[in-house]
Amino acid sequence: MRVLHTSDWHLGKKLEGQSRILEQKLFINALENMVRNNEIDLILLAGDIYDTYNPSAEAEKLFFDSIKQLSLNGKVGIVVIPGNHDNPQRLTAVSHLAKDYGVIIYERAFQEIEVGKYGNLNVYKSVPGGIFIEKDNKKIYLYNLPFPSEATLNETFDDTKFNIRIREILQEGVEKNNEDIPSLVMTHIYVAGSMGEGEVALELGGSRAIGVNDLPTANYIALGHVHKPIVFKSKNAYYCGSPIEYRVTENKFDKKIFIADISNEETQVKEIPLENYKPIKEYIVTGAEEAIDKSLELMESNEWIYLNVKLEEPLTNSTIRKIKSNKNILEIIPIIQIEEKEKEVSNYNEQTLEEAFVEFFKEETMGLAPNDNITKLFLEILEEGENNETN
C-alpha cells in the first residue's frame with residue numbers, strides 16, 4: 001500500500017499577525033497533485049491540524065475543504081489524529097460527513113473506530129487504537145496514538161515513567177496485529193534527540209519525550225510534533241515536519257513530505273521537497289538610510305522580512321513609517337551601538353515581559369510555547385529580583 005505522510009499544518013497560524021492562509025492553500029493544492037501523480041492509497045495526517053484550540057472559521061473551512069480535496073472524493077483514504085494544538089471535539093465535528101470521503105478522524109487514545117466502508121477504504125476490523133484497512137486487495141494494520149498527556153490518556157504517571165508508559169502503549173498497540181500484514185504506527189510526540197536534546201526524557205512546554213528505543217518495531221512510524229524533517233532509520237520512524245516555515249528559525253532546512261510503499265518485505269520511502277511559497281528572511285543593515293533603501297529594494301520581493309538595523313541612536317517615527325511602507329517587513333529590530341559593542345534590544349512592538357518571555361521561549365524551541373508552570377516560574381523569579389533591588 002502506498003502511504004503519504006504529512007503533519008503539523010497549523011491551519012490559521014499567523015506570523016506577527018500576518019495571515020498564512022494563502023500559503024496553506026497553495027500547499028494543499030500541491031499536495032493534491034502529489035496524491036494524484038503518485039497514486040496514493042492512504043494519507044496519514046499526524047496531528048496539529050490547527051494552530052489553536054479554538055480555530056477561526058476560515059481555518060476550519062480550509063480543513064473541511066482540504067480533506068474533501070485530498071481524498072479525491074473518497075478514492076484516497078485519510079486518517080487524522082489530534083496533536084497538542086488541536087481541540088479533538090472540534091476536529092471530529094465533521095466525522096459523520098467525512099466518512100463518505102474516506103476520512104477517519106480520531107478523537108482520543110484507545111478509540112475503537114466503527115468497522116465499515118470509508119469511501120474506497122474498508123475498515124474490516126477494529127481494536128482499541130488500531131484499524132485493519134483493506135484497499136484494492138492490499139491490507140495494512142494502523143495503530144494510532146494522538147498526543148499523549150495525562151488528560152488525553154486519562155492516567156497519571158511520574159515524569160520519569162512517561163517514556164515507559166508510552167513504550168508499553170505503542171508496543172501493545174502493534175501486538176494487536178494478529179494477521180500477516182504490515183504494521184504502521186502514527187503518533188504525535190517528541191522523540192528525544194529530534195531537537196538535539198539527547199537521548200533523555202525531558203519536558204518542554206508540557207510535552208515530554210521518549211527515546212528512539214521506546215518506539216516499537218513496525219514497517220513505518222509516522223511522527224508529528226517536530227517541524228523539521230527527521231529520520232530514525234533503525235525504527236522506520238519519520239518526522240515529515242511542517243509544510244511551510246512558521247518561524248524564522250525554520251528557514252535553515254527544507255520542507256518535505258514522505259511517501260512510503262508498505263509491504264511485508266521492505267518499506268521503500270521517498271522524500272518529496274515542498275515549495276517555499278513565501279520564505280522568512282532576515283537582513284542586517286547599518287543606519288536609517290540603509291534601512292530605508294533595503295525596504296525599497298525588497299518592496300516587490302515575495303518574502304516575510306525581519307530587518308535588523310545597527311544604530312547609534314533610535315529611529316524616528318518618520319523613518320519607521322518609511323521602512324514599514326514595505327508591508328512584508330514584519331519587525332524592525334534595532335541593534336544599538338554602545339562603546340563599540342553591539343547590543344540587541346527589544347523590537348519596536350510593545351510587549352509585556354510575559355509576552356517577551358513567551359516569544360523568546362518559542363524562538364529557542366522551534367515554536368513550542370512554554371506551559372503555565374514555566375511562565376509562572378519566570379514571573380516569580382523576575383518579581384523576586386525586583387523585590388531584592390527594592391530592598
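These values consider heavy atoms only, across backbone and side chains, with no hydrogens, waters or symmetry-generated copies. Position 1 is the first residue of the sequence; numbering continues from there.
- Using cut-offs of 30° and 60° for the angle between ring planes, the His85 and His10 rings count as perpendicular.
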Stepwise side chain to side chain contact (heavy atoms under 4.5 Å, CB included) check, Tyr143 with Ile169: CA-CA 10 Å; Tyr143 184 75; Ile169 292 172; 3.5 Å; yes
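- The cationic group of Lys255 does not satisfy the cation-pi geometry with Phe27, failing either the under 6.0 Å distance to the six-membered ring centre or the 45° limit from the ring axis.
- Here the options are Tyr220, Tyr238, Tyr239, the test is ring pair (Phe, Tyr, Trp, His ring centres under 6.0 Å), and the partner is His5; only Tyr220 passes.
- For the pair His225 (side chain) and His188 (backbone), a donor-acceptor distance under 3.5 Å is absent.
- Under a 3.5 Å cut-off, the side chain of Asn328 and the backbone N or O of Ser301 do form a donor-acceptor pair.
- No side-chain N or O of Thr92 forms a donor-acceptor pair with one of Ser95 less than 3.5 Å apart.
- Side-chain polar atoms of Gln69 and Asn29 form a donor-acceptor pair below 3.5 angstrom.
- Side chains of Thr267 and Asn236: no donor on one and acceptor on the other come within 3.5 Å.
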Intermediate values then yes/no, salt bridge (charged side-chain N to carboxylate O under 4.0 Å, His left out), Lys281 and Glu303: CA-CA 7 Å; Lys281 296 288 186 71; Glu303 300 173 347; 3.3 Å; yes
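- Listed for the Asp8 side chain is no donor-acceptor partner under 3.5 Å among the backbone atoms of Gly241.
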Verdict with reasoning, Phe258 to Lys256, per side chain to side chain contact (heavy atoms under 4.5 Å, CB included): CA-CA 7 Å; Phe258 292 113; Lys256 61 185 67 174; 4.1 Å; yes
Working for side chain to side chain contact (heavy atoms under 4.5 Å, CB included), residues Ile105 and Val94: CA-CA 9 Å; Ile105 305 175; Val94 293; 4.2 Å; yes
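- At least one donor-acceptor pair under 3.5 Å links the side chain of Asp48 to the backbone N or O of Asn84.
- Between Pro55 and Phe63 there is no side-chain heavy-atom pair separated by less than 4.5 Å.
- The local environment of CG in Asn178 is crowded, with over 12 non-hydrogen atoms from other residues, nucleotides or ligands closer than 6.0 Å.
- No side-chain heavy atom of Glu250 sits under 4.5 Å from any side-chain heavy atom of Lys228.
- The CG atom of Asn87 sits 4.5 Å away from the OH atom of Tyr53 when rounded to the nearest 0.5 Å.
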Stepwise side chain to side chain contact (heavy atoms under 4.5 Å, CB included) check, Ile257 with Leu274: CA-CA 7 Å; Ile257 57 101; Leu274 296 172; 4.0 Å; yes
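- In the displayed structure, Lys117 atom NZ is contacted under 6.0 Å by more than 12 heavy atoms of other residues, nucleotides or ligands.
- Of the possible polar contacts, none joining the Asn163 side chain to the Gly211 backbone as a donor-acceptor pair under 3.5 Å is found.
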Salt bridge (charged side-chain N to carboxylate O under 4.0 Å, His left out) between Lys176 and Glu172, worked out: CA-CA 7 Å; Lys176 289 184 172 70; Glu172 290 170 3; 5.3 Å; no
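- Side-chain atoms of Thr187 never come within 3.5 Å of backbone atoms of Ile189 as a donor-acceptor pair (strictly under, hydrogens ignored).
- We find that Glu168 and Arg165 are joined by a salt bridge, their nearest charged nitrogen and carboxylate oxygen being less than 4.0 Å apart.
- Taking a 6.0 Å sphere around CG of Asp254, one finds it holds 12 or fewer heavy atoms contributed by other residues, nucleotides or ligands.
- Panel note: side chain Asn177, backbone Ile181; a donor-acceptor pair is recorded below 3.5 Å.
- Of the residues listed (Leu142, Val127, Ile140), the one engaging Phe132 in a side chain to side chain contact (heavy atoms under 4.5 Å, CB included) is Val127, and it is the only one.
- Counting non-hydrogen atoms of other residues, nucleotides and ligands closer than 6.0 Å to NZ of Lys322 gives a total of 12 or fewer.
- Between the side chain of Lys135 and the backbone N or O of Lys75, at least one donor-acceptor pair lies under 3.5 Å.
- Taking the side chain as every heavy atom from C-beta outward, Ile133 and Tyr118 never approach each other to under 4.5 Å.
- A salt bridge is absent between Lys294 and Glu290: the closest approach of a Lys/Arg side-chain nitrogen to an acidic carboxylate oxygen does not fall below 4.0 angstrom.
- In summary, of the residues considered (Ile221, Ile230, Leu223, Val226), a side chain to side chain contact (heavy atoms under 4.5 Å, CB included) with Val191 occurs for Leu223 alone.
- A salt bridge links Asp65 to Lys61: at least one charged side-chain nitrogen sits closer than 4.0 Å to a carboxylate oxygen.
- The local environment of CD in Glu114 is sparse, with at most 12 non-hydrogen atoms from other residues, nucleotides or ligands closer than 6.0 Å.
- Using a 4.5 Å heavy-atom cutoff, the side chains of Ile131 and Asn144 are in contact.
- Taking 4.5 Å as the limit, some side-chain heavy atom of Leu153 sits within range of a side-chain heavy atom of Leu145.
- Other residues, nucleotides and ligands place no more than 12 heavy atoms under 6.0 Å from the CG atom of Asp180.
- Remark: the backbone N or O of Val248 is not paired with any side-chain donor or acceptor of Tyr306 at under 3.5 angstrom.
- Panel note: side chain Gln111, backbone Arg108; a donor-acceptor pair is recorded below 3.5 Å.
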